[in-house]
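Every chain is numbered from 1 and lettered A, B, ... according to where its sequence line falls, protein lines coming before strand lines.
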Protein chains: 2
Amino acid sequence: MFTGCTISPHHCACFNKLTEEQKKQLETKSVTIKYKKGEVICKQGSFASHILYIEKGLAKVYLDDGQNSLVLKVIPPGNLLGLTSISEENNNFQYSAMAYLDSEVKQIDISFFKQMLIQNPGFAKEVIDILISNSIQINGRFFCLTHKQSYGRLADILLCLADRIFKSQEFELNLSRKDLAELSGISAETVVRMLKKFKEEDLIQLDGKSFKIKDYAKLKRISEIG
Amino acid sequence: MFTGCTISPHHCACFNKLTEEQKKQLETKSVTIKYKKGEVICKQGSFASHILYIEKGLAKVYLDDGQNSLVLKVIPPGNLLGLTSISEENNNFQYSAMAYLDSEVKQIDISFFKQMLIQNPGFAKEVIDILISNSIQINGRFFCLTHKQSYGRLADILLCLADRIFKSQEFELNLSRKDLAELSGISAETVVRMLKKFKEEDLIQLDGKSFKIKDYAKLKRISEIG
DNA sequence: AAAATAAATTGATCCAGATCAAGGCACGAT
DNA sequence: ATCGTGCCTTGATCTGGATCAATTTATTTT
C-alpha cells in the first residue's frame, strides 16, 4: 500500500507548458553545472537563488541536524529540486542535496521561475501537481519508515531500485552499504545482515555491488507485510 | 531544529487573493458541514469532489493501512484539507481526516477550485505556498518521528499544543492518552509513563486532562536533544 | 446508583535493531 | 609491493520502547 520508495516515477511536465518564447528565455536564465559523486548540490538553510533541475545522474535529498540524517527522496533525471524555495517566506533551501552519482544539474533563476508561475497558469498548475506528487510520495515513505520494520523497508528499496532506477532485475549498485542503510532508515550493519538473509533465502543474488532480484513476488510480499 | 509539531502556525491566505466576484461565486460553490468529535471527514482512497476548509474545531489528517495509522498533521481552523486531490492524476483523497473536536468544515467544489487556479495566478501562487509550507512541516515531523526518541517527541507535542493550539501554558486537553500517543508516534502506555516522569521532574503539572507547562526551557531542551 | 464500557495507570516481559568492537578486504597513494 | 584509509562483514552486547496482562479510575448507559 505505502512504499518507502523515494523515487518519483515520472518526469516533471511543467516545462512543456511554456511557450516557445518562454522556453528560449528559460535558456538564457539558466546554466548547467556538473557535480561529481558525493558533491553537495545544495545545502539546507543556505539562500536559494535558483531552482534546480536534474539533467543527468542521481541526487539524494536529505535533512540533517548535524547528528542524524534523513533521506527524503532520491531524484533521477527529469526532476526538479529545491521547489520549496519558491515560497515567499522560505526563500532558502529546506533540505540538502548531494550527488549520488556524477550528475548534471541545471540552475534556473528563481525570479524567472516565479515570473512564469504568474504569467503562465498552465505552468503553475503543473508545478502544483509536482508538489502534490512529491508530498504523496514522501507521505508514503514517512509511513513506511515509521511503521514497517526493517525487513520490509529494505525489500522495498531493493524493488524500488530495480523498478524505477535500473529498470531491470539485475543491476550494479553504485552505492555503499551505508547509503543503502540511509535509504531504508536502518544501520549499515543491519543492512548487511539482512542482505545476507535475503541471499540465504534465495530472494536475491548478491556479489559485492552486483544485485539480482530472484524472487520478486516474495520480496514484494515482505515489503508489504513489513 | 526540526519539530514534530503537526500544526500549521498560520491561516491559509489564498482566499484573500480572490476578486469580490470570485468570492461571491465561492459562496455558491461551497457548503458548510458540521462534524462531531470522532467523525470521519474524509476517507483515504475515496473520490474527492471537494476541497475542504476547516472553519471551526480541529481535525487530524492520517494515513492508515488497516493495521497502523500515522498522523500526518493536525489542522486548526483557517486551513485547507484535501489539497492533494486537485492533482490531475490523484483525484481521490490521499489520506483520511477525522474531527478531533466538534468541527465545521466548508466543502468547496473541486472544479471551481481548479478553475480559480487557472483564472487567478495570485490564488495559484498562494496555493503553491500552502503546499510548500505543508511539505516543510511534514518533513520536519518526519525527521522527528524517525530520529528523535520518544521523550523528545512527547515534549515536542506538548510545546506545540501549548504554543499553537491553546496559546497558553495551561490547557485542558480534550484528547485521550491514546490520541496523544498517536500524535507523538509512541504507545499509549509509554505516553503515560513519560508524562509521569515529566511530572515527577516538575516539568509539567498534570491532573487528568489539565496540563500546565512549568519548565518551558527544559522541555524545549528535551525536545531538541531528542 | 448500579452496571457496563471505556480510558488510564502500573508492572513484567520481550525483542528488533542499534551500537560497540574487531577482523578481513579492496584500492588509491607513496 | 606495502602502507594506509575506508568499506564490508561478523559476532557480542545492550536498550528503548512495544506488547501483554492486570488493576484502577472515569464515563456512559440503563
Side-chain angles (χ1 to χ4, degrees), chain A residues 4 36-38 67-71 98 100-101 143-158 172-200 204-211 222-223 225-226, chain B residues 4 36-38 67-71 98 100-102 143-158 172-201 204-211 222-223 225-226:
Chain A
K36 287 223 177 303
K37 175 176 176 167
Q67 180 91 38
N68 289 104
S69 147
L70 168 68
V71 176
M98 174 185 281
Y100 253 155
L101 307 174
F143 190 91
C144 231
L145 292 206
T146 48
H147 287 299
K148 275 187 195 172
Q149 50 197 74
S150 309
Y151 258 76
R153 307 213 295 260
L154 186 57
D156 226 12
I157 293 294
L158 290 178
E172 199 69 20
L173 187 64
N174 223 329
L175 298 179
S176 70
R177 296 293 190 253
K178 186 152 170 302
D179 287 327
L180 204 49
E182 228 178 17
L183 274 177
S184 29
I186 50 192
S187 75
E189 292 93 329
T190 303
V191 164
V192 171
R193 281 183 255 270
M194 288 181 170
L195 285 177
K196 195 182 173 190
K197 199 108 181 240
F198 281 162
K199 194 177 171 185
E200 282 166 9
I204 62 172
Q205 194 174 301
L206 178 62
D207 178 31
K209 297 196 176 302
S210 304
F211 287 74
I222 290 175
S223 102
I225 295 170
Chain B
K36 288 223 176 304
K37 175 176 174 167
Q67 180 92 39
N68 289 105
S69 146
L70 168 69
V71 176
M98 174 185 281
Y100 252 155
L101 307 175
D102 292 354
F143 189 91
C144 233
L145 292 207
T146 48
H147 287 299
K148 277 188 194 173
Q149 50 197 74
S150 308
Y151 258 76
R153 307 213 294 259
L154 186 58
D156 226 12
I157 292 293
L158 290 178
E172 200 69 19
L173 186 64
N174 223 328
L175 297 178
S176 70
R177 296 291 190 256
K178 185 155 171 300
D179 288 328
L180 204 49
E182 226 180 18
L183 273 178
S184 28
I186 51 193
S187 76
E189 292 93 328
T190 303
V191 163
V192 171
R193 282 183 254 268
M194 288 182 170
L195 285 176
K196 195 182 174 190
K197 198 109 180 240
F198 281 163
K199 195 178 172 185
E200 282 166 9
E201 290 172 5
I204 61 171
Q205 194 173 299
L206 177 61
D207 179 30
K209 299 197 174 301
S210 304
F211 286 74
I222 290 173
S223 104
I225 295 169

For B:A188 and A:Y151, take the nucleotide of DNA chain C holding the closest heavy atom to each; which residue's nucleotide lies nearer the 5' end?
->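 Going by which nucleotide is closer to the 5' end, it is B:A188.
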Backbone of A:A188 reached by a side-chain donor or acceptor of A:R177 within 3.5 Å |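 Pair absent, no side-chain N/O of A:R177 close to backbone of A:A188.
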B:K178, NZ atom: more than 12 neighbouring heavy atoms under 6.0 Å |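 No, NZ of B:K178 has 12 or fewer neighbouring heavy atoms, counting only those of other groups under 6.0 Å.
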Round to a whole Å and report the spacing from [atom1] of [X] to [atom2] of [N].
X: A:L175; N: D:dC8; atom1: CG; atom2: C1'; answer: 15 Å
X: A:K199; N: D:dC8; atom1: NZ; atom2: C1'; answer: 12 Å
X: B:L145; N: D:dG17; atom1: CG; atom2: C1'; answer: 14 Å
X: A:H147; N: D:dG17; atom1: NE2; atom2: P; answer: 15 Å
X: A:N174; N: D:dC7; atom1: CG; atom2: P; answer: 14 Å
X: A:K197; N: D:dG11; atom1: NZ; atom2: P; answer: 13 Å
X: B:I186; N: D:dT15; atom1: CD1; atom2: P; answer: 20 Å
X: A:I225; N: C:dA16; atom1: CD1; atom2: P; answer: 15 Å

Does OP1 or OP2 of [N] have a side-chain N or O of [X] closer than 4.0 Å?
X: B:K196; N: C:dT9; result: no
X: B:K209; N: C:dA8; result: yes
X: B:R177; N: C:dT9; result: yes

Check every atom of [options] against the side chain of [X] and return the nucleotide holding the closest atom.
X: A:M194; options: C:dG17, D:dG17, C:dA8; answer: C:dG17
X: B:T190; options: D:dT10, D:dG17, C:dA7; answer: D:dG17
X: A:S150; options: C:dG17, D:dT10, D:dG17; answer: C:dG17

Got a second to check how far B:I186's CD1 is from B:R193's CZ, nearest 0.5 Å?
->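 It comes to 11.0 Å.
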Where do A:L183 and A:I157 come nearest, in terms of heavy atoms and distance?
-> O-CD1, 3.8 Å
Any side-chain heavy-atom pair from A:N68 and B:T146 closer than 4.5 angstrom?
-> no
For B:S187, answer base if it contacts any base atom (sugar-phosphate contacts may also be present), sugar-phosphate if it contacts only those atoms, and nothing otherwise; contact means non-hydrogen atoms under 4.0 Å.
->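 Answer is base: heavy atoms of B:S187 come under 4.0 Å of a base.
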So does A:E189 reach the base of D:dC8 with its side chain, donor to acceptor, closer than 3.5 Å?
-> no
Is there a donor on the side chain of B:R193 or the base of D:dG16 sitting less than 3.5 Å from an acceptor on the other?
-> no
